[in-house]
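Each chain gets a letter, A, B and so on, in the order its sequence line appears, and its residues count up from 1. Here the structure is a predicted model, which is why all the values come from computation and not from measurement.
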Amino acid sequence: MNVLKRNNVTISGAGKQAMVFVHGFGCDQRMWRLVTPAFQESHQVVLLDLVGAGQSDLQAYDPERYNSLAAHADDILAVLRELGLYGAIFVGHSVGCIIGVLAAIKEPARFEKLVLVAPSPRYINDDKYTGGFEPADIEELLEAMDNNYLGWSGSITPVIMGNPDRPELTDELNQSFCSSDPTIARHFARVTFLSDNRADLPHLHTPTLILQCAQDIIAPLAVGYYMHQQIPNSELLVLDESGHCPHLSAPQATIGAIYHFLGLVPTPAV
Amino acid sequence: MNPQEDEQLPALDLRLTQENLEDLYEHAPCGYCSCLPDGTLVKLNQTLLGWLGYTREELVASQCLQQLLTVGGRLHYETHCAPLLLLVNQVREISYTLRRKDGSTLPVLMNAVLLRDSDGQPLVVRVTLFDITERRKYEQELIRAKGQAEERREQLARANEQLTLQNGQLTRINAELDSFVYTASHDLRQPIDNMVGLFAELQHTATFHDPEASSMMSMFEGALQQILSTIAGLTEVVQQQRQLEQVPLEVVELQSFAEEIIRSLQPQAAELEATFSLDFSTVPSLRMARPSLHSMLYNLLSNALKYAQPGRKPHIKVNTALQEGMALLRVHDNGRGIDLERHGRELFQLFRRFHPEVVGLGMGLYLVNRLVHQAGGRIEVESIVGQGTTFCIYLPV
């Protein structure tokens with residue numbers, strides 16, 4: 001199996017050290033497009049789609065295998081192995097963060113630093129833990145997805161997703177941007193929002209930056225504090241931003257925070 | 001535009017051209033709102049406020065669009081719509097549910113565009129919302145039906161699996177039965193042969209004083225002969241089946257083939273003054289295992305003679321045709337006929353007999369049916385008691 005093809009891995013950049021970007025639930029690697037240009041000079045930029053998302057090999061999505069985030073973490077490690085990468089910088093968003101955390105616990109040598117954008121180890125409230133959601137809310141999300149896939153399922157096909165170069169498909173592509181096979185998306189939503197990885201956090205020893213937005217309903221501030229408290233070698237930076245995607249809504253602030261964490265000197269061009 | 005054309009236009013009600021834009025915005029038949037890029041509401045029209053049950057003051061600058069949605073919708077908005085707006089500046093036909101001030105819900109379809117300032121920075125999101133209460137009910141029906149269809153499909157798949165399993169079991173049991181019949185007939189053969197020998201010896205040596213004895217002796221001999229032919233028949237059924245599994249297919253010319261079978265039946269045919277008419281012009285040949293076809297045709301023709309209507313000369317027609325992409329081999333007689341309503345279901349079963357007054361074992365049709373099925377075909381019967389019977393054998397071409 002070609003893991004680079006399976007995860008639709010794209011590589012660019014002039015630098016030596018690899019920087020691996022992993023998207024979260026609901027989108028794909030194109031989410032990083034406002035951020036990655038800032039690292040083309042200094043790093044080798046490795047982008048990928050989680051299996052089931054974007055232009056990954058949808059055939060490879062076996063619901064049984066991908067019933068936990070650990071399978072996605074194994075995929076990331078397989079890609080790093082294939083590329084012979086050690087000491088990489090990992091940048092994850094949302095559920096992609098936890099996938100990176102699991103990978104770094106399993107094979108620490110492959111990661112030098114982790115940047116976690118809007119992470120959450122557990123979305124559902126628990127005794128003395130505020131994740132932000134009740135189980136019924138997650139059911140409601142699945143229902144919202146069902147209502148929306150009603151119209152999409154016919155038009156979103158891998159054929160369209162697989163032909164980004166054909167201009168006549170651009171319109172459909174805009175529509176299909178950040179959407180995937182409905183059955184897979186539904187399953188991934190369930191795995192994402194019902195997962196509980198709190199117990200894994202103390203096992204992570206890689207230096208980690210937690211980037212949290214001040215107003216984010218998906219990953220509330222309390223979750224950011226919890227992450228920081230549980231991950232031994234971590235720092236927390238709260239961006240004065242709303243929403244769950246600071247790399248899209250506040251790319252400059254996001255880039256600045258990562259630069260600072262990596263000890264890079266901002267160039268005037270950035 | 002020349003004055004003539006101008007005159008042809010119907011007179012417009014001028015009030016329509018002076019549509020008040022403010023009023024159009026406020027009372028349009030859809031909900032309008034504008035938000036900051038983070039969703040903070042800055043402007044809503046009266047239609048939307050009416051739907052929600054909020055006053056403008058309760059929402060503007062203090063609430064955001066996402067907060068008007070159900071929690072599930074909010075999750076969807078943050079993970080799907082918000083990034084999509086920032087990436088491609090628009091989302092279309094997103095299905096959400098609004099939560100009114102009184103807690104009740106309203107299903108809507110949302111379109112939104114993101115406007116940017118001259119530096120390309122996100123400035124404002126314009127949103128239109130359409131009430132789809134009735135449509136959503138219909139969609140829920142569709143989703144429910146789809147779920148049901150999915151469930152049925154799974155049930156069917158399970159049933160199919162079960163059937164395949166049972167089919168395999170039956171095939172195995174069938175093979176075991178064949179082998180049982182073969183063994184039984186083989187094992188019975190020896191003692192019966194002994195009995196025949198002993199009986200012959202007995203006839204020679206023993207003398208009986210009872211005057212009934214001689215007729216009892218001949219009855220006993222008759223019974224022995226019957227057992228012998230039954231066992232021979234059983235062995236034939238099983239052996240034929242086993243042999244056929246190895247026989248290659250060949251092209252059999254039907255005219256000469258049928259004539260040869262009729263020749264072998266000549267003693268009976270001549271006695272009954274039977275006549276035959278053959279017509280294989282439509283399908284002159286069949287690709288089959290020769291012994292198998294021989295057995296089918298021989299059994300059907302010999303049956304046609306055997307079950308001739310007493311006092312009527314048998315006339316037997318054999319012909320072929322093409323039907324539904326299969327070759328049809330038809331054997332028609334003017335014999336006694338079979339009461340299909342009574343016996344139809346048992347017709348092809350082993351040892352079933354319907355004309356006790358005619359000597360027979362009840363194996364011919366059983367064998368024919370098995371051979372036809374083995375060749376991938378099927379057999380059908382039509383019959384009228386006292387008039388005749390037609391057997392139709394459909395075989396793959």
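In this structure, B:Y54 places its OH atom where more than 12 heavy-atom neighbours from other residues, nucleotides or ligands lie under 6.0 Å away. Counting heavy atoms of neighbouring residues, nucleotides and ligands inside a 6.0 Å radius, atom CZ of B:R56 exceeds 12 of them. The 12-atom threshold is not exceeded at CZ of B:R126, counting heavy atoms of other residues, nucleotides or ligands nearer than 6.0 Å. A:D126 CG: more than 12 foreign heavy atoms inside a 6.0 Å radius.
For the atom pair A:Q252 CD and B:Q121 CD, the distance stands at 8.0 Å (nearest 0.5 Å). Note: A:E143 CD to B:S95 OG = 9.5 Å, rounded to the nearest 0.5 Å. Note that OG1 of B:T79 is 5.5 Å distant from CZ of A:F193, once rounded to the nearest 0.5 Å. In this structure, NE2 in B:H80 is found 8.5 Å from SG in A:C27, a value given to the nearest 0.5 Å. Note: A:L248 CG to B:L85 CG = 10.5 Å, rounded to the nearest 0.5 Å. One finds the CD1 atom of A:I218 at 9.5 Å from the CD atom of B:Q66 (value rounded to the nearest 0.5 Å).
Under a 4.0 Å N-O distance rule, the pair B:R99/A:E140 qualifies as a salt bridge.
In this structure, no portion of A:Y123 lies under 4.5 Å from any heavy atom of chain B. Contact of A:I217 with chain B is made through the side chain alone, with heavy-atom distances under 4.5 Å. Only the side chain of B:R136 comes within contact range of chain A, judged by heavy atoms closer than 4.5 Å.
Listed by first and then second residue, the ring-ring contact (aromatic ring centres under 6.0 Å, His included) pairs involving residues 89-118 of chain B are B:H76-B:Y96 (not counting sequence neighbours).
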Report task. Please report the C-alpha distance between A:D137 and B:T70 in whole Å, then the side-chain angles of each, then the deciding distance to 0.1 Å, and finally whether the side-chain contact (heavy atoms from CB on, under 4.5 Å) criterion is met. Result -> CA-CA 8 Å; A:D137 299 333; B:T70 56; over 6 Å; no
Query raised in the report: A:E241 and B:D38: side-chain contact (heavy atoms from CB on, under 4.5 Å), yes or no, with the steps?
Result: CA-CA 8 Å; A:E241 285 291 328; B:D38 69 1; over 6 Å; no
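Between the A:R33 side chain and the B:L87 main chain, a donor and an acceptor come within less than 3.5 Å of each other.
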N/O donor to acceptor pairs below 3.5 angstrom from side-chain atoms of residues 156-165 of chain B, sequence neighbours left out:
unit_1 : atom_1 : unit_2 : atom_2 : d
B:T164 : OG1    : B:N160 : O      : 2.8

